[in-house]
Amino acid sequence: MHKKGFIFDLDGVIVDTAKYHFLAWKKLANSIGVDFSEVQNEQLKGVSRVRSLEKILAWGNKTLSDKAFTELMAQKNEGYLSYINKMDTSEILPDVSRVLDFLIENNQAIALGSASKNATPILKKVSLLEKFEAIVDGNDVSKAKPDPEVFLIGAQLLGMNPEDCIVFEDSVAGVQAANTANMISIGIGDKSVLHEADYVFKDFTEMSQEFIERLIKEKRT
Ligand code: BG6
Ligand code: MG
């Protein structure tokens, strides 16, 4: 029997939480007199919370004490959680459930590999937590994507070799992390942005059952 490890990023792959990160960061940035646009928000995809605030402060030419920095981090997360708390299953991105269920029916190993420290509560809100055999999130890693740590831990928890794992990612840093881990990288989003991925799909609606079957059976050389 063929068995592979399928590792999913969360934000932008399973749920479209980028819009909530944007609203929370915008409110925070504006409160300290820094402009924040959707274009800048793109640059925060896959980036940790600490690094995101560092970038926003750099864009606004601001420096803060450690104490103020920590307070702003907490404030941002509070704002973000006010959106997350209202989430339900309607926010699962199209065909994510179809792909997850197909993998489960075919006895594949499934893990989450996310930079977010809010991954478990979000998966609970959209009732997908029980679909994952392993969860690796921002609480478990010391090195952020593009470092492969998050996906290597995921593979290990699934008991799979990295070369038998497939990663779904919407960020450039995440695709690079998967490639460095020697896993198959599948970009979800724009081909011109995610050109380093082995395959790119606009979203899961474009991913056929045949394609997934091939991933399951394919032996990498
Ligand atoms: C990533 C998001 O998945 O998680 C980033 O793409 C976010 O935008 C990062 O900053 C950390 O998330 P959180 O929930 O721990 O603030
Ligand atoms: Mg993402």
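Since this is a predicted model, take the numbers as computed values, not measurements. Note that ligands are numbered from 1 as they come in the structure, with each ligand's atoms numbered from 1 the same way.
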For atom 3 (O) of ligand 1, what's the nearest protein heavy atom and its distance?
-> Asp11 OD2, 2.7 Å

Using distance alone, determine whether Asn118 and ligand 1 share an N or O pair under 3.5 Å.
-> yes

Taking every heavy atom of Asp137 against every heavy atom of Ser116, the minimum-distance pair comes out as CB-O, 3.1 Å

Ligand-residue contact atoms, ligand 1 with Lys45, heavy atoms, under 4.0 Å = 6 (O)

Return the orientation label for the Phe211 and Tyr199 ring planes: parallel under 30°, perpendicular over 60°, tilted otherwise.
-> perpendicular

Under the side chain to side chain contact (heavy atoms under 4.5 Å, CB included) criterion, do Val136 and Phe151 qualify, and how do the steps go?
-> CA-CA 8 Å; Val136 189; Phe151 297 137; over 6 Å; no

Atom 9 (C) of ligand 1: nearest protein contact (heavy atom, Å) = Val47 O, 3.2 Å

So does Glu210 pair up with Arg214, basic N to acidic O under 4.0 Å?
-> no

Does the side chain of Asp11 pick up a donor-acceptor pair with the side chain of Thr17 at under 3.5 Å?
-> yes

Return the residue, atom name and 0.1 Å-rounded distance of the protein heavy atom closest to atom 12 (O) of ligand 1.
-> Ser116 CA, 3.4 Å

Where is the nearest protein heavy atom to atom 8 (O) of ligand 1: which residue, which atom, and how far?
-> Leu44 O, 3.2 Å

Does a side-chain N-to-carboxylate-O contact under 4.0 Å join Asp9 and Lys145?
-> yes

Any cation-pi pair here, Lys76 with Tyr80, using under 6.0 Å and within 45°?
-> yes

With heavy atoms only and a cut-off of under 4.0 Å, state how Ser52 meets ligand 1: side chain, backbone, both or neither.
-> side chain

Have a look at Asp11 and say which of its N, O or S atoms is nearest the Mg ion (ligand 2).
-> O

What do we get for Lys117 next to ligand 1 when only non-hydrogen atoms under 4.0 Å count, side chain, backbone, both or neither?
-> both

A student checking ligand 1 against Ala115 at a 4.0 Å heavy-atom cut-off should list atoms 1 (C), 4 (O), 11 (C)

Ile14 with Val200, same ILVMFWY side-chain cluster at under 4.5 Å | no

Looking at Asp170, the N, O or S atom sitting nearest the Mg ion (ligand 2) is OD1

Carboxylate-amine/guanidinium contact Asp164 Lys3, below 4.0 Å = no

Identity and distance of the protein heavy atom lying nearest atom 6 (O) of ligand 1 | Gly46 N, 2.8 Å

Tell me which protein heavy atom sits closest to atom 16 (O) of ligand 1, plus the residue, atom name and distance to 0.1 Å.
-> Arg49 NE, 2.7 Å

Could you tell me whether any N, O or S atom belonging to Asp9 is less than 2.8 Å from the Mg ion (ligand 2)?
-> yes

